[in-house]
Amino acid sequence: MCTFVPYVHAGVLPRRWLNLQEYQSKKLMQESGVAVQRFYVADTASEALEAAKRLNAKEIVLKAQILAGGRGKGVFDSGLKGGVHLTKDPAKVGELANKMLGFNLTTKQTPKDGVKVKTVMIAEALDITRETYFAILMDRACNGPVMVGSPQGGMDIEEVAASSPELIFKEVIDILEGVRDDQALRMAANLGFKGPLQRQAADQIKRLYDLFLKVDATQVEVNPLGETPEGQVVCFDAKINFDDNAEFRQKAVFAMDDMTESDPTETEAAKWDLKYIGLDGNIACFVNGAGLAMATCDIIDLHGGKPANFLDLGGGVKERQVYEAFKLLTADPKVEAILVNIFGGIVNCAIIANGITKACRELELKVPLVVRLEGTNVHEAKRILSESGLPITAAENLDDAAKKAVAAIKK
């Protein structure tokens, strides 16, 4: 028996997620035969106008393409309010696109200066008579993929699960057998689709599972999976999460990765398989393992300091990674001290020590450096550091390291 837990990203520091714009996700769905609104994308106002004319729709929705949420209530620095607009006049699409493209859109999820809009999506606006929720996700408790659905769509599924758990329906999928016809029909019925719409919804569910497998997804979430007055079942909005370990065989999908809105430091860190998140403090943290990184941040705070970042080296560490990590940390003008906290299980501490000494010499480190090493080959690592002649402060344990890093700044 497996229990449905509303999907959240596991852990604080997964490998950087693949970021796709809305139109890119819709394109993948379209290619798998999933019913989506007819749409075009445009990079200029004139292209947007031509696309609106080609759609020949009763009503058109124009959407600014950025990764951040809250577009509908956002504001452009052109003065235009809202990153999502409905109109029945194709000419209006060109006018609106002219006030979107090349301008920054600020929402509750963007940086304070907003994000520059480079692309807009022009889609057929469809009425929705009923909204449902449907997702396929990998569930550790079930050892494989699970379908999750609710007739209460268009809203936060966690709220539905908390207030009306009886409206959450689940079907465990046999990874070898796939989605059976009876499972798809049962889920469609549980979502409230009746008559011919039940069969139509079941077909969409099976096609969504085909997409899930085809692109090595960890989650395909459709909210809402809607019903139109014309008797269509349409996927109106979708979120797809991908398994980063499948990048080697999903090159076309990963080539679509939009990194323009990512933090440049995080993007650079990802090139070296480093996991970095910038924080507001002044003590840089250089750690292996997300749990140890969180503990290091906490204990720095406990002793009166503030962490400047969250940097996880991971397990398969090489000297070059250590060097590149130091480059990232020292490039931050807020950093006034660096705390290295390594517990060498699968990590060889001597590799870390060699990387540290190389970085200190070549980067001409100007800030205090406190190092705590423990685990595999630690005695050799400590010898390398002590014989380096570099001003490195050794620490016996994490508590000692945090105290010394905080004290180094107060001197």
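Counting begins at 1 with the first residue of the sequence.
Side-chain contact check for Asn341 and Thr296: at least one donor-acceptor pair (N or O, by modelled atom type) lies under 3.5 Å.
With Arg130 contributing its side chain and Gly192 its backbone, the two residues share a donor-acceptor pair below 3.5 Å. In this structure a side-chain-to-backbone donor-acceptor pair under 3.5 Å is missing from Ser388 to Thr357.
Evaluation of the salt bridge (charged side-chain N to carboxylate O under 4.0 Å, His left out) rule for Asp181 yields Arg199, Lys206 as partners, not counting sequence neighbours. Among residues two or more places apart in sequence or in another chain, the side-chain contact (heavy atoms from CB on, under 4.5 Å) test is passed with Phe103 by Phe76, Asp77, Ser78. A search for side-chain hydrogen bond (donor to acceptor under 3.5 Å, both in side chains) contacts involving Lys73 returns nothing, not counting sequence neighbours. Listed by chain and number, the residues in a side-chain contact (heavy atoms from CB on, under 4.5 Å) with Pro90 are Ala52, Lys53, Ile60 (sequence neighbours excluded).
Sorted by first and then second residue, the side chain to side chain donor-acceptor pair (under 3.5 Å) pairs involving residues 83-95 (not counting sequence neighbours) form an empty list. Residue pairs meeting the ring-ring contact (aromatic ring centres under 6.0 Å, His included) criterion with at least one partner in residues 278-302, sequence neighbours excluded, are Phe286-Phe326.
For the side-chain contact (heavy atoms from CB on, under 4.5 Å) with Glu177, the lone residue among Ile173, Ile175, Asp174 that qualifies is Asp174.
A salt bridge links Glu324 to Arg320: one of the charged nitrogens lies within less than 4.0 Å of a carboxylate oxygen.
At most 12 non-hydrogen atoms from other residues, nucleotides or ligands lie less than 6.0 angstrom from NZ of Lys81. Within a 6.0 Å sphere centred on CG of Asp182, other residues, nucleotides and ligands contribute more than 12 heavy atoms. Enclosure of atom CD in Glu364 is not indicated, since only 12 or fewer non-hydrogen atoms of other residues, nucleotides or ligands lie within 6.0 angstrom.
Looking at Leu137 and Glu221, their side chains never come closer than 4.5 Å, going by heavy atoms from C-beta outward.
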Verdict with supporting geometry, Arg249 and Asp216, salt bridge (Lys or Arg N to Asp or Glu O under 4.0 Å): CA-CA 9 Å; Arg249 66 183 185 194; Asp216 286 303; 2.9 Å; yes

Working for side-chain hydrogen bond (donor to acceptor under 3.5 Å, both in side chains), residues Glu50 and Tyr40: CA-CA 10 Å; Glu50 287 306 309; Tyr40 295 102; over 6 Å; no

